[in-house]
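Read through the structure below, which is laid out as structure tokens, and then see the notes.
Because the structure is a prediction, the values reported are computed rather than measured.
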Amino acid sequence: MSGIGATGVILLVLVALLLFGPNKLPELGRAFGRTLREFKSGAREIMDDDDRDRDRKDKDSSRVDVSRSENSDKDNKRLPD
């Protein structure tokens, strides 16, 4: 913990104990752990999606698009009327 010291953690536990009581604390801890796990898995999925998108863009940038529309004037040779 970067900003909270040991005394801060003890104070938070005491406040939580006073607010929720000793019976609710394990339940709150489990809910907090579950929420943290879901957050981490969501963040990991977002990072994986970004990596996949970056890989696709790298593959697409190596392609050369060829279009005939740029040279349409040269190809549209008409026979004289």
Side-chain angles (χ1 to χ4, degrees):
M1 302 205 169
S2 61
I4 301 175
T7 55
V9 172
I10 291 170
L11 185 64
L12 284 175
V13 170
L14 285 176
V15 169
L17 190 62
L18 288 174
L19 287 176
F20 300 110
N23 293 334
K24 289 278 187 177
L25 281 183
E27 187 177 320
L28 288 173
R30 270 186 238 119
F32 179 72
R34 203 175 311 130
T35 303
L36 192 61
R37 190 175 332 124
E38 289 177 7
F39 177 76
K40 284 182 178 179
S41 69
R44 191 174 305 124
E45 286 178 12
I46 289 173
M47 296 292 284
D48 290 343
D49 286 344
D50 285 344
D51 289 342
R52 275 188 239 134
D53 287 342
R54 191 175 308 129
D55 289 342
R56 280 189 204 141
K57 287 181 181 177
D58 289 342
K59 287 180 182 177
D60 289 341
S61 67
S62 64
R63 287 185 178 175
V64 176
D65 289 331
V66 176
S67 64
R68 295 188 62 130
S69 64
E70 294 175 6
N71 297 329
S72 63
D73 293 336
K74 294 179 183 177
D75 291 338
N76 283 339
K77 294 180 182 177
R78 290 183 162 185
L79 292 173
D81 290 327

Under 3.5 Å, which donor-acceptor pairs do the side chains of residues 27-48 form with other protein atoms, sequence neighbours left out?
unit_1: T35; atom_1: OG1; unit_2: A31; atom_2: O; d: 2.8
unit_1: S41; atom_1: OG; unit_2: E38; atom_2: O; d: 3.0

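In this structure, L14 belongs to a hydrophobic cluster whose other members, linked by side-chain heavy atoms under 4.5 Å apart, are I10.
A search for salt bridge (Lys or Arg N to Asp or Glu O under 4.0 Å) contacts involving D53 returns R56, not counting sequence neighbours. Under the side-chain hydrogen bond (donor to acceptor under 3.5 Å, both in side chains) criterion, D50 pairs with no residue at all, not counting sequence neighbours. For D55, there are no salt bridge (Lys or Arg N to Asp or Glu O under 4.0 Å) partners, not counting sequence neighbours.
Residues L25 and L17 approach most closely at CD1-CD1, 3.3 Å, considering heavy atoms.
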